[in-house]
2 protein chains.
Amino acid sequence: MTVTLADVAARAQVSPATVSRVLNGNYPVAASTRERVLRAVDELDYVLNGPASALAAATSDLVGILVNDIADPFFGIMASAIQAEIGGPGGRAGGERLAVVCNTGGSPERELTYLTLLQRQRAAAVVLTGGAVESAPHAAAVTAKLRKLSEAGTRVVLCGRPPAPDTQAIALTFDNRGGARALTAHLIGLGHRRLGYIAGPEERTTTRHRLEGHRAALAAAGIEEDAGRTVYGRYDRRSGYEATLELLRRDPSLTAIVAANDSVALGACAALRESGLSIPGDVSVAGFDDLPFSIDAVPSLTTVRLPLAEAGARAGRIAMGREEPPPGGIASVRGELMVRGSTGVPRG
Amino acid sequence: MTVTLADVAARAQVSPATVSRVLNGNYPVAASTRERVLRAVDELDYVLNGPASALAAATSDLVGILVNDIADPFFGIMASAIQAEIGGPGGRAGGERLAVVCNTGGSPERELTYLTLLQRQRAAAVVLTGGAVESAPHAAAVTAKLRKLSEAGTRVVLCGRPPAPDTQAIALTFDNRGGARALTAHLIGLGHRRLGYIAGPEERTTTRHRLEGHRAALAAAGIEEDAGRTVYGRYDRRSGYEATLELLRRDPSLTAIVAANDSVALGACAALRESGLSIPGDVSVAGFDDLPFSIDAVPSLTTVRLPLAEAGARAGRIAMGREEPPPGGIASVRGELMVRGSTGVPRG
DNA sequence: CGTCGTGCAGCAAGCGCTTTCTATCCAGGG
DNA sequence: CCCTGGATAGAAAGCGCTTGCTGCACGACG
């Protein structure tokens, strides 16, 4: 029924071994023979059996990209960049690889299961993007998995995710702490003293680091911390909307709101507007990430730009062994403060 | 080095066959035996060799999801919904499948290559999302590929993509024509007579259908068509920005701009604002898709909501054989007109 | 003119798993 | 007490491909 290597060999009047070598091109084959084989492949419309060759060669051309939320452009942009470098089809010539993105939905179990699935497929490389969940048992499980993957020859790269100690994994981390600190410092410099903070989900590294940066800036300015001014939520618009209402209820005198990311900030803007407050006249708002839509918000969003595409591309290249990993296997990628219309001097 | 089925068998003191059966759970195995095997699996930290089992069983648990642009939430949302149904890890219990999304970047070649790669992996199912490129040779190539995939037992589902005749593929198409028509009709009803249209890339089915709907509404209202009022671009913000400037140059008296999608509409809004025109006071703007950020635009965007998540979920279920395909293998999914702040009565 | 090196092609042994067919065991039934 | 059959477990034959090694020309060299 299905065409196999042997069929091609028969048609080209050569041995299966020769066909295999023509297809893999890593062994001398006479030009005339090669041509004959190629013609046969074409005529029979032959497609290599992936599992069979992966089994025989003990390697596969699968590369996994794990993301927390594929519907979020933050991950989409990184995934897109990573994948462009992996080659996927159409990358640079040679070794066609199947770059696949796996959506964990932020769930530790799914993350682990995907890792197992990729291990099962003997993936050539795996790139994990975005923040990690901080629960100790989960972290340990992931570490163990990553170690095992490395041992099996799978290259592991972390992109926008903190390093995994005791692991061979290369890490490209975002300087969330520094970015957040600069952002809040900017607000403080403008004169703000009562700032609300809308954090992401607890137990996420990204959430913690950004919050720490925010608090560091506060502390540096001698502003005492008020636990009531921090609300945890998710990394989406809705969360920003609700959290803002809550913050306003707790303290109507807030003059600025710092959001965990741009989507959250957009939700915050919506809530403020509906509450009859102007931005930045009554309340300044700041986001994080600088996703494409942020510049289109009205007023446009002050935020911290993360070089998502660049970092992704680099991670992809490292995963393919086309770029030297950073010294020590760890590199920190800085964000850039983008001051725009949504932040201003506080009223009165 | 690596643990194999045989190792597990040895440790559990059973035959490899039994281990396989325990793992696949489709053959009676005594409870005590099962337990012993499972313990051995655990102790040895055994991970099934995917390629090997795919080869032996002649099926794999890979499911491919093709998208045009993974950084675009339009696709992200669909992909996410599809994948949630595929199961991926964490779906419903049983057969864990590796749902992978492949980013074609809108390129026909990459689409084809990915299809081949998936065929090579003997994928269990493939879901193609979004519009197709209309070039005849490409369409023929895709059709041939899809047919071959079906023959090989891969289930093929099209989501938000026109049907592929002469193919077994199930199609869930969006009624782009109808939605676009309703949208433009709404504008006409408001009193607009001079409307600009920013289309997507030419040669895309989605582009053509939306444009056809727009023109149908125009024709129905007896408004003569002016080719100069249509500009082609890409499906992104930038394109909307530039196209708007171009439209304004060609005819400063436009009272409305209909965009190919929401991102384009956002770009249009930015261009209008910078040109000193108010929305919808001077010019009304409408988008398409109703992506999450559209409601946050200021003013919020009038658009056509496409049930991306619902359609994706359904496509996913059909791909898994968990839902009956629609009669005839084709279903049309309607959009819903969302009238919001960005459209209004044209100025005097 | 014999021999060795080189360049290509083929042989055959797996890769690790699934699955058909067969063997075994034990409970009942005749 | 022997036979039948249901319930489990095992033996072994591949699945389609890769690759180390062998085989065989042919030209060059001594």
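Everything numeric here is computed off the predicted structure, so don't read it as measured data. Order of the sequence lines fixes the chain letters, A, B, ..., with proteins taken first and strands second; residue numbering starts at 1 for each chain.
The side-chain heavy atoms of B/V3 and B/V8, taken from C-beta on, include a pair separated by under 4.5 Å.
Not counting sequence neighbours, B/T167 has no partner by the side-chain hydrogen bond (donor to acceptor under 3.5 Å, both in side chains) test. Every residue meeting the side-chain contact (heavy atoms from CB on, under 4.5 Å) condition with A/R155, not counting sequence neighbours, appears here in chain and number order: A/A125. With sequence neighbours excluded, the residues that form a side-chain contact (heavy atoms from CB on, under 4.5 Å) with A/T205 are A/A132, A/E134, A/P162, A/H209. With sequence neighbours excluded, no residue forms a side-chain contact (heavy atoms from CB on, under 4.5 Å) with A/A10.
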Anything under 3.5 Å between a donor and an acceptor, one on a side chain of residues 57-65 of chain B, the other on a protein residue two or more places apart or in another chain? List them.
from  : atom 1 : to     : atom 2 : distance (Å)
B/S60 : OG     : B/L62  : N      : 3.1
B/S60 : OG     : B/Q121 : O      : 3.3
B/S60 : OG     : B/R122 : O      : 3.3

What donor-acceptor contacts under 3.5 angstrom involve side-chain atoms of residues 37-44 of chain B, with partners at least two apart or in another chain?
from  : atom 1 : to    : atom 2 : distance (Å)
B/E43 : OE1    : B/R11 : NE     : 2.7
B/E43 : OE1    : B/R11 : NH2    : 2.9

Exercise answer: donor-acceptor pairs, residues 135-150 of chain B side-chain atoms, under 3.5 Å, sequence neighbours excluded:
from   : atom 1 : to     : atom 2 : distance (Å)
B/S135 : OG     : B/H138 : N      : 3.3
B/H138 : NE2    : B/E111 : OE2    : 3.3
B/T143 : OG1    : B/A139 : O      : 2.9
B/K145 : NZ     : B/T116 : OG1    : 3.3
B/K145 : NZ     : B/Q119 : OE1    : 3.0
B/R147 : NE     : B/D166 : O      : 3.0
B/K148 : NZ     : A/D45  : OD2    : 2.5
B/S150 : OG     : B/L146 : O      : 3.1

Distance-only donor-acceptor hits, side chain of residues 308-315 of chain B, under 3.5 Å, sequence neighbours excluded:
from   : atom 1 : to     : atom 2 : distance (Å)
B/R314 : NE     : B/E323 : OE2    : 3.0

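Residues from residues 47-64 of chain B lying near DNA chain D, meaning a heavy-atom separation below 4.0 Å, are B/L55, B/A56 in numerical order. Residues from residues 14-24 of chain B with heavy atoms under 4.0 angstrom of DNA chain D, sorted by number: B/V14, B/S15, B/A17, B/T18, B/R21.
Between B/T33 and D/dA9 there is a side-chain polar atom (N or O) within less than 4.0 angstrom of OP1 or OP2.
Here the P atom of nucleotide D/dC15 and the CG atom of B/L5 are 19 Å apart, to the nearest Å. Between B/R122 atom CZ and D/dG16 atom P the separation is 8 Å, expressed in whole Å. For A/Q13 and C/dG10, the CD to P distance is 10 Å, given to the nearest whole Å.
Applying the salt bridge (Lys or Arg N to Asp or Glu O under 4.0 Å) rule to pairs touching residues 15-32 of chain B yields nothing, sequence neighbours excluded.
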What does the list of N/O pairs under 3.5 Å between the protein and nucleotides 22-24 of chain D look like, with a distance for each?
none

